[in-house]
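Since the structure comes first, as structure tokens, the remarks are kept for the end.
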2 protein chains.
Amino acid sequence: MVTIKDVAKHAGVALSTASYALSGSDKVSPKTRELVLQAAKELNYQKNGFAMDLKRKSTKTILLILSDLSGPYYSELIRGTQEVTLSNGFDLIACSSVGGADSTAYKFLQERRVDGAIVLDPNISEHLLRESAREGCPIVVMDRYVEGDFIMNVAADNVQGGYEATRYLMEKGHRDIAWIGGPSNSLGSQHRKEGYLKALQEEGIANTKWMLVGNFTEEGGYHSTKVLLMQEERPTAIFYGNDEMAIGGYKALREFGLSVPGDVSIVGFDDIQVAEYLSPPLTTVRQPKYEMGTMAAHLVFQAMGGEYVNKSYKLKIELIERLSCQPPRLAPNRGKGMET
Amino acid sequence: MVTIKDVAKHAGVALSTASYALSGSDKVSPKTRELVLQAAKELNYQKNGFAMDLKRKSTKTILLILSDLSGPYYSELIRGTQEVTLSNGFDLIACSSVGGADSTAYKFLQERRVDGAIVLDPNISEHLLRESAREGCPIVVMDRYVEGDFIMNVAADNVQGGYEATRYLMEKGHRDIAWIGGPSNSLGSQHRKEGYLKALQEEGIANTKWMLVGNFTEEGGYHSTKVLLMQEERPTAIFYGNDEMAIGGYKALREFGLSVPGDVSIVGFDDIQVAEYLSPPLTTVRQPKYEMGTMAAHLVFQAMGGEYVNKSYKLKIELIERLSCQPPRLAPNRGKGMET
DNA sequence: GAAATTTATCGAAACGTTTCGATTTGTTTT
DNA sequence: AAAACAAATCGAAACGTTTCGATAAATTTC
């Protein structure tokens, strides 16, 4: 492999001079710079990035950890982090935690291969995060809450989102509103439910029988909805913990001969790409993904620069009104069986 | 920062012994190993990955270059590469070419930070590819064709795909089939068109007026379709260079009061996730993305191992039949204006 | 034109590992 | 108990850079 040493020799100059020339320092005279550059070109010299990082003690790259590199979920968020990272002159690489303890994520975090990280992944252990976060490598964790030095949190305000979606339905006249949530280890899902319950309580509604869990998949939403519909009393609206499950819900409702929004109103959560193409287009809640992305990246850089930053940020959420909701046709269940 | 030197000192042992102990060599006695491990834990030692790579002259990671980290397009493909990479004990990181010559992609390729690369990105220059590909870093380029040492190509057989989609329409009775393609710098789009023309020619059909270009976006498909529909004579079917454009086409057709597939049949290309949720669900052509991904990764490893491999691979494509096509209602245009 | 000053080049140390060959320690054989 | 051998530990070189302080060359000043 051709190294800077070879280039120097070929240009008839000292190794250090070659280094200066290649990095564009003005300590070197124009003609020798030309000489060195020429030699580098002739030998097809490619610098070894590690050696540089090793000496410089900085990598100028930040790592984005996703639970699944192939997930479509992150799109806007990634765009946000990427823009900020780039405009700070840093590089962004992404990897996943697939493979557990010998996943790429672990390796890069543990072996100090990056100067900062943004984690969008429930699988990375808090222990690893705390162990890896340090002065030279601040970490922003999204959609979960972990405490520690040089660890910051960014999340959408899921409580507010759940609350607003539920209020929206109530303002349309619904009182019998079911909740089909995500897995219980999802903090986001928990918070959405919290907001949902809060809205209900404010109106003195106590729902006990229409709360189910899916697993954030279309399949899960489908099954849970079927279970829900087989009960004696049916809600007039269903609030799903995410859009995928709402899609499953559409299917189940169709099978039961129920129309959306005629017979039951639906609201989802996330505003994934397909949401607007469903029939009817799905009313849902949108997280400010792009803003979350830029915020996360900014935090990393601020923490890197030693600036004092808050540990935890929550971003506001927005309701996207489409056509899957309307006032309840009639309210056969109202007031009946709703009090515990 | 705590280094292996500190660990060694703290354990009262030579630096080299500490290294052996930490890397689990059996040259070291059980008790000293324990001693060293203990010391490492106490000091919260984290190895420096670069230093290791530098010495070992290998990084054990391969790079996936995407034109846009946030695109949903690649999902299955990424999954394929990831699985193979992981099962070979390597790591996979992804980055994008956003930022041009000082993008992350350039930096990682040029600075030899990886042992192999898979490129899914029209923006990476052939020059850079040829410069960076070498014995220790084979490169697989997807959906385009570039020649060079240690460079291999993997693509779907777009010609075949274009051909089969067109034949499918012809077998339903269509003869007036329009083509709305992607940008002309897309090799894939060119090939699809080639297949389309081949199918037409076999039946002696020479289409000259119904060939337009979009830019692979919904917007582009919408506009091109409008242009198409404003012509005097209209086709009975439209074949789009990708699904996004077909979605735009749906919209334009609706605005013109034309129904799909009643008035005009549509076939897309790619089978993106939303395709099956459109109304009507879109008949389209699916590339074997997962297989393309695994194949690309396997090629990298084979080339790395010095195995001889072919330079270029094409994978078969599959038609996904949904509900956006039916025989033409009547054939007012048939035979008229079709001969040049 | 010699002294002083600037500019250009150089040599060597350092970054944190791995790994080779040498040395020391411990165990077996005679 | 000395000789022979194996096992454990050590010291030092190497990987390819950057960068500091020292030297050499070119330029200015008097």
Side-chain angles (χ1 to χ4, degrees), chain A residues 1-37 39-40 43-61 107-108 110-115 134-137, chain B residues 1-37 39-40 43-61 107-108 110-115 134-137:
Chain A
M1 221 53 289
V2 27
T3 81
I4 202 173
K5 199 170 164 183
D6 303 314
V7 174
K9 193 178 299 172
H10 194 259
V13 81
L15 188 154
S16 49
T17 313
S19 174
Y20 285 127
L22 287 168
S23 56
S25 158
D26 54 353
K27 294 182 70 175
V28 82
S29 80
K31 58 191 168 222
T32 45
R33 163 175 306 129
E34 211 38 63
L35 211 61
V36 172
L37 259 36
L43 299 178
N44 188 28
Y45 166 71
Q46 299 184 266
K47 93 153 51 168
N48 182 319
F50 306 133
M52 185 182 85
D53 288 348
L54 181 58
K55 192 78 233 294
R56 288 233 175 107
K57 289 161 161 283
S58 111
T59 69
K60 287 218 144 212
T61 103
K107 167 165 153 184
F108 273 68
Q110 279 183 322
E111 299 183 354
R112 304 125 130 268
R113 289 169 182 273
V114 289
D115 289 349
R134 47 174 221 282
E135 167 105 47
C137 181
Chain B
M1 223 51 289
V2 27
T3 82
I4 202 173
K5 199 170 163 184
D6 303 314
V7 175
K9 194 179 299 174
H10 194 260
V13 81
L15 189 153
S16 50
T17 313
S19 173
Y20 285 127
L22 287 168
S23 56
S25 158
D26 54 353
K27 292 182 70 174
V28 82
S29 80
K31 59 191 167 217
T32 46
R33 163 176 305 129
E34 212 37 65
L35 212 62
V36 171
L37 259 36
L43 299 178
N44 188 28
Y45 167 71
Q46 299 183 265
K47 93 154 49 170
N48 182 320
F50 306 133
M52 184 182 86
D53 288 348
L54 181 58
K55 192 78 233 291
R56 289 233 175 106
K57 289 162 162 279
S58 110
T59 68
K60 288 220 143 212
T61 104
K107 167 164 153 185
F108 273 68
Q110 278 184 321
E111 299 183 354
R112 303 125 131 269
R113 289 169 184 275
V114 289
D115 288 349
R134 47 173 221 283
E135 168 105 45
C137 181

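Quick note on labels: first sequence line is chain A, next is B, and so on, each numbered from 1. Please read all numbers here as calculations on a predicted model, not as lab measurements.
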Legend entry - Presence of K47(B) side-chain N/O under 4.0 Å of dT18(C) phosphate oxygens OP1/OP2: yes
Inset, instruction - Tell me whether the OP1 or OP2 atom of dT9(C) has a side-chain N or O from T32(A) closer than 4.0 Å. - result: yes
Legend entry - Y45(B) side, atom OH; M1(B) side, atom CE - distance, nearest 0.5 Å: 11.0 Å
Any base atoms under 4.0 Å from [X], or only sugar-phosphate, or nothing? Heavy atoms, all strands.
X: S29(B); result: sugar-phosphate
X: K57(A); result: sugar-phosphate
X: S19(B); result: base
X: K5(B); result: nothing
X: Y20(A); result: base

Of all the nucleotides listed ([options]), which has the minimum atom distance to the side chain of [X]?
X: M52(B); options: dT17(D), dT9(D), dT18(C); value: dT18(C)
X: I4(B); options: dC15(D), dT17(C), dA8(D); value: dT17(C)
X: T17(A); options: dA12(C), dT9(C), dT17(C); value: dT9(C)
X: N48(B); options: dA12(D), dG16(C), dG21(D); value: dG16(C)

Using whole Å, what does the distance between atom [atom2] of nucleotide [N] and atom [atom1] of [X] come to?
X: Q46(B); N: dC15(C); atom1: CD; atom2: C1'; value: 17 Å
X: M1(B); N: dT17(C); atom1: CE; atom2: C1'; value: 16 Å
X: D26(A); N: dT6(C); atom1: CG; atom2: C1'; value: 14 Å
X: K27(A); N: dG21(D); atom1: NZ; atom2: P; value: 10 Å
X: R56(A); N: dA13(C); atom1: CZ; atom2: P; value: 22 Å
X: R112(A); N: dG16(C); atom1: CZ; atom2: C1'; value: 9 Å
X: L54(B); N: dA13(D); atom1: CG; atom2: P; value: 17 Å
X: K9(A); N: dG11(C); atom1: NZ; atom2: P; value: 13 Å

Tabulate below the donor-acceptor pairs under 3.5 Å that side-chain atoms of residues 3-18 of chain A make, not counting sequence neighbours, or state none.
{"unit_1": "T3(A)", "atom_1": "OG1", "unit_2": "K5(A)", "atom_2": "N", "d": "3.0"}
{"unit_1": "D6(A)", "atom_1": "OD2", "unit_2": "T3(A)", "atom_2": "N", "d": "2.7"}

Inset, instruction - Identify the heavy atoms of F50(B) and R112(A) that sit nearest to each other, and give their distance. - result: CE1-O, 3.9 Å
Legend entry - Polar side-chain contact K55(A)-dT18(D) base: donor and acceptor under 3.5 Å: yes
Inset, instruction - Please confirm whether the backbone N or O of T61(A) pairs with a side-chain atom of R113(A), one donor and one acceptor, at under 3.5 Å? - result: no
Inset, instruction - Give a yes or no answer on whether the side chain of R33(B) reaches the backbone of S25(B) with a donor-acceptor pair at less than 3.5 Å. - result: yes
